[in-house]
Amino acid sequence: MLTRTTTQNGKALSLLRPFSTASTTVSATPTLSEPPSSTTIANLILTTSDPQTLSKTLLSQQWSEPLVNATLKRLWNHAPKALEFFTIVDHHRYYSHSLSSFNLAIDLAARLRDYDGLWILVDRLKSRRLGPTPRTFAIIIERYVAAGKPDKAVKIFLSMHKHGCPQDLNFFNTLLDILCKSKRVKKAHNFLKVFRGKFRADVVSYSIIANGWCLIKRTDKALEVLEEMVERGLSPTLSSYNAMLKGYFRAGQTREAWRFFLEMKRRKCDIDVVTYTTVIHGFGVAGEVDKARRLFDEMVREGVLPNVATYNALIQVLCKKDSVESAIDLFKEMVGKGYVPNAMTYNLLIRGLCHVGEMDRASEYVGLMRNEGCEPNVQTYNLLIRYYCDAGEIEKALGVFENMGSGECLPNLDTYNVLISSMFVRQKSEDLVVGGRVKTPYGGGIFGLLHLDLDEV
DNA sequence: TTAGGGTTAG
């Protein structure tokens, strides 16, 4: 049916054909049609300017929850378009949106700070008896906090039950965590003090606050929180201690970190792989590579097996404070032992190679990761683009960029920032011409994307 | 989505 639609937008519609054929006639026998991919649909939505045509096309399509969600994610950098899509499909005769799609739409509306639209979606969710769920509220509250409205977020939390969503200890802890992760630790701490009785604050509540203080390098306050927790009869867990340890490193207090680590051992804590990864990374970043290596050997002796994260921590340290070659040696060692490197492992090595100007070898590692079935992610692309730009090889950077547009990996705000800023730094008019020529997955030149939501990373 | 460890570079 799609192939028969003849409109001003015939070109865009043809994108939805499962198999591209030269023929425009409709085959009498139904073809084995695969549903169109989210990429195809997203392109169609972005290139169809006539709302009626778009609506007609989308409503004649068969939808499923995964396809709707994938399309919404594909349109993440085009929130208004994504929401338009959501609204159209919401009028489908035989399809109705699921909770997870609603949650995505609510997230999009919140990112746009369209709070009226957001609460309309929540009401719709309620009238269909699908929610809102704690997950919905976590999304809403996180966005309000990110938009600089933590007080409003707290009010929403306190009114959750009016929407049929219970306020329990779990969600109390989620709220504390959201506040802490946005560095509003004092507010979170005060909130804990006021409501710890009502919600029966537990070890997790206190650990979140202690970790929050660590995030803003206030290890003194973090320690106070842990002490207070003990006074209230709650025993810190290994997680609490690991967070504290990490906090010392973050704050540059390596001596305190070491003392704390020794104390953990003395008290016979069951030091785990996270503890070791933290100290290996911490000392390495502080420039004590030998100590990091010794701790790596020690953990193996102690029977605590390193995992991929541990290797990544040490690989990063070697790249930064020793040499890429020693990092590559370690990489080979881990592969030899049967560990499966992940995208971060490769990214660390690729960055290390780029950093010493070995762009060709860096590219080889990109090829290697692909061969090993580990697809490059947005960080991989961004770092290649960044290093090509820094080397003044804008054309190559754009080549990488075009490559990613044709794949599954979406550029993010970082990607555009790097490309655009490097062009402005050079102030070469031909760059601007090239930049305008580059096709983005969204259809226009990269400068058409300057209106991207600056909150989205 | 009930906490803790591993990416950028200034």
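Below, chain A is the first sequence line, B the second, and so on; all start at residue 1. Note that the structure is predicted; figures quoted are calculated from it, not measured.
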Regarding [X], tell me which of base, sugar-phosphate or nothing describes its non-hydrogen contacts under 4.0 Å with the strands shown.
{"X": "A:T237", "value": "base"}
{"X": "A:N307", "value": "base"}
{"X": "A:T278", "value": "sugar-phosphate"}
{"X": "A:F137", "value": "nothing"}
{"X": "A:L245", "value": "nothing"}
{"X": "A:V279", "value": "nothing"}

Nearest to the [X] side chain among [options], which nucleotide is it?
{"X": "A:D414", "options": "B:dT8, B:dT2, B:dG5", "answer": "B:dT8"}
{"X": "A:N242", "options": "B:dA3, B:dG6, B:dG4", "answer": "B:dG4"}
{"X": "A:A313", "options": "B:dT2, B:dG6, B:dT1", "answer": "B:dG6"}
{"X": "A:H281", "options": "B:dG6, B:dT2, B:dG4", "answer": "B:dG6"}

Salt bridge (Lys or Arg N to Asp or Glu O under 4.0 Å) with [X]: which residues, sequence neighbours excluded?
{"X": "A:D220", "result": "A:R218"}
{"X": "A:E227", "result": "none"}
{"X": "A:R255", "result": "none"}

If you look only at distance, which donor and acceptor atoms sit under 3.5 Å apart when one is on a side chain in residues 286-304 of chain A and the other is two or more places apart or in another chain?
residue, atom, partner, partner atom, Å
A:E298, OE2, A:K265, NZ, 2.8
A:E298, OE2, A:Y276, OH, 2.7

Can you measure [X] atom [atom1] to [N] atom [atom2] for me and round it to whole angstrom units?
{"X": "A:I178", "N": "B:dT1", "atom1": "CD1", "atom2": "P", "value": "12 Å"}
{"X": "A:F171", "N": "B:dT2", "atom1": "CZ", "atom2": "P", "value": "9 Å"}
{"X": "A:N377", "N": "B:dG6", "atom1": "CG", "atom2": "C1'", "value": "13 Å"}
{"X": "A:I315", "N": "B:dT8", "atom1": "CD1", "atom2": "P", "value": "14 Å"}
{"X": "A:F260", "N": "B:dG5", "atom1": "CZ", "atom2": "P", "value": "14 Å"}
{"X": "A:F261", "N": "B:dG5", "atom1": "CZ", "atom2": "P", "value": "16 Å"}
{"X": "A:L238", "N": "B:dA3", "atom1": "CG", "atom2": "P", "value": "16 Å"}
{"X": "A:Y248", "N": "B:dG4", "atom1": "OH", "atom2": "C1'", "value": "16 Å"}

Show me the pairs that pass salt bridge (Lys or Arg N to Asp or Glu O under 4.0 Å) and involve residues 345-356 of chain A, at least two apart or across chains.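 Counting only pairs at least two positions apart or across chains, no salt bridge (Lys or Arg N to Asp or Glu O under 4.0 Å) contact touches residues 345-356 of chain A.
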Name all pairs fulfilling the salt bridge (Lys or Arg N to Asp or Glu O under 4.0 Å) condition that reach into residues 305-332 of chain A, sequence neighbours left out, sorted by first residue then second. A:E325-A:R361
Quick one: side chains of residues 187-200 of chain A, donor-acceptor pairs under 3.5 Å with protein atoms, not counting sequence neighbours, listed by atom name and distance.
residue, atom, partner, partner atom, Å
A:K187, NZ, A:D151, OD1, 2.7
A:H189, ND1, A:W213, NE1, 3.0
A:N190, ND2, A:K186, O, 3.4
A:R196, NH1, A:E228, OE2, 2.6

A:F249 vs A:H281, ring pair (Phe, Tyr, Trp, His ring centres under 6.0 Å): CA-CA, chis, key distance, verdict: CA-CA 9 Å; A:F249 284 115; A:H281 187 246; 8.6 Å; no
Is the shortest side-chain N/O distance from A:K320 to OP1 or OP2 of B:dT8 below 4.0 Å? yes
Check the phosphate of B:dT1 against A:R135, side-chain N and O only, distance under 4.0 Å to OP1 or OP2. Yes or no?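 So the side chain of A:R135 is within the cut-off, an N or O lying under 4.0 Å from OP1 or OP2 of B:dT1.
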Sequence-distant partners of A:E142, side-chain hydrogen bond (donor to acceptor under 3.5 Å, both in side chains), two or more places apart: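 With neighbours one apart ignored, the set is empty.
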Please tabulate, for the side chains in residues 117-126 of chain A, all donor-acceptor contacts under 3.5 angstrom to protein atoms that are two or more places apart in sequence or on a different chain.
residue, atom, partner, partner atom, Å
A:W119, NE1, A:Y144, OH, 3.1
A:R124, NH1, A:D90, OD2, 2.9
A:K126, NZ, A:H163, ND1, 3.2

Tell me which residues in [range] lie within less than 4.0 Å of DNA chain B, going by non-hydrogen atoms.
{"range": "residues 288-305 of chain A", "answer": "none"}
{"range": "residues 338-373 of chain A", "answer": "A:N342, A:M344, A:N347, A:R351"}
{"range": "residues 204-216 of chain A", "answer": "A:V204, A:S207, A:I208, A:N211"}

Check whether the side chains of A:S363 and A:D360 place a donor and an acceptor atom closer than 3.5 Å, and report yes or no. no
Determine whether the aromatic ring centres of A:W258 and A:F283 lie less than 6.0 Å apart.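 Close enough - the centres of the two rings lie under 6.0 Å apart.
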Using the ring centroid of each side chain, check whether A:Y248 and A:F260 are separated by less than 6.0 Å. yes
What about A:D272: does its side chain form a donor-acceptor pair under 3.5 Å with the base of B:dG4?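 Indeed there is one.
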